[in-house]
Amino acid sequence: MSEANGTLLSVRNLSMFYPVRGGFLQGHRGEVRAVDDVSFDIQAGETLGLVGESGCGKTTTGRCILRVVAPTAGELWYHPREGESVDLARLDTGGLLPWRQEIRMIFQDPFASLNPRLPVLEIVGECLKVNRGLRGSALEERVAELLGLVGLRPEYMRRYPHAFSGGERQRIGIARALALNPRLVVADEAVSALDVSVRSQTLNLLQDLQNEMQLTYLFISHDLSVIRYVCNRVAVMYVGKLVELADTRSLFLTPQHPYTEALLSSVPKPDPRVRSQRIVLEGDVPDPSQPPSGCHFHPRCRYAVDRCAEETPPLRETADGHHVACHLADEIELVGIHG
Amino acid sequence: MPVERQLPAEDLLLEVRDLHVHFPLDEGTVKAVAGVDFDVYRNRTLCVVGESGCGKSVSAQSILQLVDRPGRIVQGQIRFHRHDADGSVTVTDLAALRSSSRALRAIRGRHIGMVFQEPNTSLSPIHTVGNQISEVIQLHLGEDEEAARRRGIEMLERVGIARPAQNYDAYTFELSGGMRQRVMIAMALVCSPALLIADEPTTALDVTTQAQIMSLLQELQADFGMGVMLITHDLGVVAEMADDVVVMYLGQVAEYGDVDRIFHAPAHPYTKALLRSIPNLDFDQDIRLDSIRGMVPDPFHRPVGCPFGPRCDEVIEGRCEAENPPAFSLEEGGSVRCLHYEEVTLS
């Protein structure tokens, strides 16, 4: 693993609310709190995992960092290699241009994220043309190099996406994300659409590339076994809130939030001899436009006390580097993956 | 002793023998299922596992003759054993029936229920939950609307839907993904079928919802004693749910056996590689994941010999490229299609 050398991005009190409109004249009816007051740091060279179930705000957090959307509130302090830190949340389109080359994205669906009418040369090369002004043979050379990097044959650059399998398409998407030598890559469910055997190839590739190019990943996934394998630290989200943040080992072995505990126990273990005692949560993930009072997890939490329904627990540090948002973190013993 | 012989013959529900399903397309014929055999027993769960394109879903669909056009069963038998209340057993070959025939429609939904992957697309958005459940009951059990309603609400309650009476009149888009999958399960089980076929029933769901649905399926199986055929790509789900496992690769059964042997003494090189390539929650981070080199071959260009040959690390030079191995029985039970086990059967 590459070692951490300073903070690359500091997310401070990030919020993203989407208005809910309805009724006569589409009046403002309320808001969906997709991301609600989230703060964390991404260290240079690490892989930070962002995990949670659908609707927890993990993808929206990634989209805010990429500035695909303008966050409702909060700061996104990006620390460049040289010069002053910048708050990405406050920059306009023009101001963002230089930073867009340093923060790139790998998409989930390799079938939807590549334009079927463009050959690979155009798909991977477009950002090189626009940002680096490469043309002709210089462009082809760089695209060939990138394809080689992700394990595809450079001769294939004139082919169209339909000629490639899902795993190969995902490699094209990775080559595109790396074309401009970015520092931070946001990978949103980058391996979720792939089959087991292809998934492991892709995960290994992402790790090799990280070592080779000193990349930092924000790895967004719902799959805890993948998170366990690739991430140095993991942040767990539930209904727009960050509920736990810790290094991977202590999060998996000694979780401190009851939601993390339930999440870990829900993952089916690939061994029929350890058919686990699953903690089956009652009910569904709440609607983020009407989250429960206090701690959003309290209606489904088996440890909840009266206080949990009234007060929202802040994210606090309980052990070295282990942050948790739970009133009872010091009082309850939770079970990790060896439990 | 092979695993088949240990299981009581009177619990046999479904025998699939030498099933072939072909899709004649302009570019050539896709042999989606190329000679598959397996059995499903009462009270047991058979998991069919494999990667996309291995033919696991098409095998399941062909049992109820639901294969999309232009796919059709070109060879093989699907013998369904219907156990009646008086103890008599009727055997029907479903492969020989036409998709729209009366005989097949009497079995589909009545004796064999099916749950699909996407609850969003398999439920009708313009009919209420109640409409869709009571249709099954009225059609197969001949009950009137009142009785169907009572039975439907009871079933919704059984699958863990909150406020079943209100939700009976709800539209499916008013429900969450997990609730919709519960409705699908309620519909599939409302006539107490002997066999439930579930095609990736939890793939579209979150892990905590997946845990709910898996527990529900286990409970319902304990109550109703049905046989379950579960199609999945997730080896974790297989380990939790299966009694018996069929591992498919490129339209064939690579390996068959009970779940413990498949996970702890896998025989086929593909099964071994598949098990090595899954990230486990437990192991250390510096360990690299093993992966299977190459990719699943293009369905129009199947390898001549063993379908897994081009990706296999244990190839026997000169033989695996030429011969497609038959299924050999294993001493520990089950079977495997790999030339490495040839002697085992001969001795």
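The structure displayed is predicted, hence computed values, not measured ones. Residue numbers begin at 1 in each chain, while the letters A, B, ... track the order of the sequences.
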Check your understanding: So which part of A/Val280 gets closer than 4.5 Å to some heavy atom of chain B, the side chain, the backbone, both or neither?
Key -> side chain

Review point. Checking A/Glu282 against chain B: side chain, backbone, both or neither under 4.5 Å from a heavy atom?
Key: backbone

Check your understanding: Does the pair B/Asp223/B/Arg158 count as a salt bridge with the N-to-O cut at 4.0 Å?
Key -> yes

Review point. If we ignore angles and hydrogens, is there a donor and acceptor under 3.5 Å between the side chains of B/Asp234 and B/Thr232?
Key: no

Exercise for review: Give a yes or no on whether B/Glu157 atom CD has more than 12 heavy-atom contacts from other residues, nucleotides or ligands under 6.0 Å away.
Suggested key: no

Review point. Quick one: do the A/Tyr229 and A/Asn204 side chains pair a donor with an acceptor below 3.5 Å?
Key: yes

Point to revise | Exercise: do B/Glu255 and B/Thr271 side chains pair donor with acceptor under 3.5 Å | key: yes

Check your understanding: Among B/Val207, B/Leu235, B/Thr208, B/Ile292, who wins on heavy-atom pairs under 4.5 Å with chain A?
Key -> B/Thr208

**Study point:** Atom group of A/Leu281 that falls short of 4.5 Å from chain B, counting heavy atoms
**Key:** both

Review point. So with a 6.0 Å cut-off around CZ of B/Arg293, is the heavy-atom count from everything else above 12?
Key: yes

Practice item. Using non-hydrogen atoms and a 4.5 Å limit, figure out which bit of A/Ser54 sits close to chain B: side chain, backbone, both or neither. Key: both

Exercise for review: Answer with side chain, backbone, both or neither: which region of B/Arg311 has an atom nearer than 4.5 Å to a non-hydrogen atom of chain A?
Suggested key: side chain

Check your understanding: Going by an N to O cut-off under 4.0 Å, is there a salt bridge joining A/Glu168 and A/Arg159?
Key -> no

Check your understanding: If you count heavy-atom pairs under 4.5 Å between each of B/Val259, B/Leu205, B/Leu274, B/Ile262 and chain A, which one has the most?
Key -> B/Val259

Exercise for review: Mind ranking B/Ser176, B/Gly236, B/Gly178 by heavy-atom pairs under 4.5 Å with chain A and telling me who comes out on top?
Suggested key: B/Gly236

Review point. By a 4.5 Å heavy-atom criterion (distance strictly below it), what part of B/Glu51 contacts chain A: side chain, backbone, both, or neither?
Key: both

Check your understanding: Which region of B/Thr209, side chain (C-beta onward) or backbone (N, CA, C, O), has a non-hydrogen atom less than 4.5 Å from a non-hydrogen atom of chain A, or is it both or neither?
Key -> both

Study note, to complete from the structure: Rounded to the nearest 0.5 Å, the CD atom of A/Glu244 sits from the OG1 atom of A/Thr260 at a distance of 4.0 Å

Point to revise | Option in B/Met214, B/His233, B/His264, B/Met179 with maximal non-hydrogen atom pairs under 4.5 Å from chain A | key: B/His264

Point to revise | Side chain / backbone / both / neither for B/Met241 at chain A, heavy atoms under 4.5 Å | key: backbone

